[in-house]
Amino acid sequence: MPRRRTSDRDCSRALWLLGLSAPVTADELTAAYRSRISQAHPDRHAGSAERSEAANTLTRALNDARAVVAEWIGSGREWPIAPAHAANGSSRPAPRRRRPPEPATPAPVCRRTGLRAGDLVRVWPYDGDPRTVSGTIVGPSRYSPAWVVLAEGGEVPADRVRLAAFACPVCGICAGPAVEHPVVRPCPDCLVDLRRLERRAGEATRVRSAIEARAQAGMAAADGLGDDRLAERARDRRGWARRLRSAPPDDLHAALLSAFTNAFDRWAA
Ligand SMILES: [Zn+2]
């Protein structure tokens, strides 16, 4: 039966779902699929109808992803360029790696959750030790559940994790535990604000106020952690947001967009 030719995008998405980086051999595909599917197996979530349904969705998505990558291997087509490389305008293929997870180069960012492999998170009720994100799994629509896969095993709904040991370069919000090198990355609220600003310049005033409020919260959080560097960063961001109070609307919109864009470029590079 004729069917739509699998696109580069389909392949990239399938690789991402399976936590793989191109090029991929059939053995690597099998190993990645088994590892992912063992965590998503509906039997593991039989106690909860909601989780069991989500696990079924994951299982279907993983089955589809495996089929796409298997077809790609069989076709001998050029592998799609990973988004991080494409964003740099580079046409070089990704370097071949035997073991794709725990990459030296940053993993792709999940557009839905803003998380990527290697991020530290705390899981609800947010009082335990930080866990490491190994990937995310999202359903086909933006209303379907998103799950965060943990390197330590298991997966949790995305709305039940919070970033840990990080600071936001735009708004200065931060979270503990205090570590020597906290991740500097845009926070989830800044991700949302960037999308709003891109759609509507009129959001700039509200976004500026929200950034100032987050900077204030960041200062309090940093003081609570006793981390002077985080406190300094948050104070700097609050000062920046305050200076923009009197900026004309167009300048404000441009300043915010430029701050977000710089932060995202550096983070995704
Ligand atoms: Zn932020």
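Computed from a prediction, not measured in an experiment: that's the story for all the values here. Just so you know, these numbers use all the heavy atoms, side chains as well, and skip hydrogens, waters and symmetry mates. Just follow the structure's listing: the first ligand is 1, and inside any ligand the first atom is 1.
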Do the charged groups of Glu232 and Arg235 touch, with an N to O distance under 4.0 Å?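 Counted as a salt bridge, because a side-chain N and a carboxylate O are separated by less than 4.0 Å.
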Salt-bridge present (Arg185, Asp119; N to O < 4.0 Å):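 A salt bridge is present here (some side-chain N lies under 4.0 Å from a carboxylate O).
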Enclosure of Arg112 CZ (heavy-atom neighbours >12, cutoff 6.0 Å): yes
Relative to each other, are the rings of Phe264 and Trp267 parallel, tilted or perpendicular (30° and 60° limits)?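 Perpendicular: the ring planes of Phe264 and Trp267 meet at over 60°.
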In terms of hydrophobic clusters joined by side-chain contacts under 4.5 Å, are Leu163 and Met219 together?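 Shared cluster, no.
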Every N, O or S from the protein that is nearer than 2.8 Å to the Zn ion (ligand 1): Cys168 SG, Cys171 SG, Cys187 SG, Cys190 SG
Step by step, would you call Arg206 with Asp193 a salt bridge (charged side-chain N to carboxylate O under 4.0 Å, His left out)? CA-CA 9 Å; Arg206 200 199 52 74; Asp193 281 346; 3.6 Å; yes
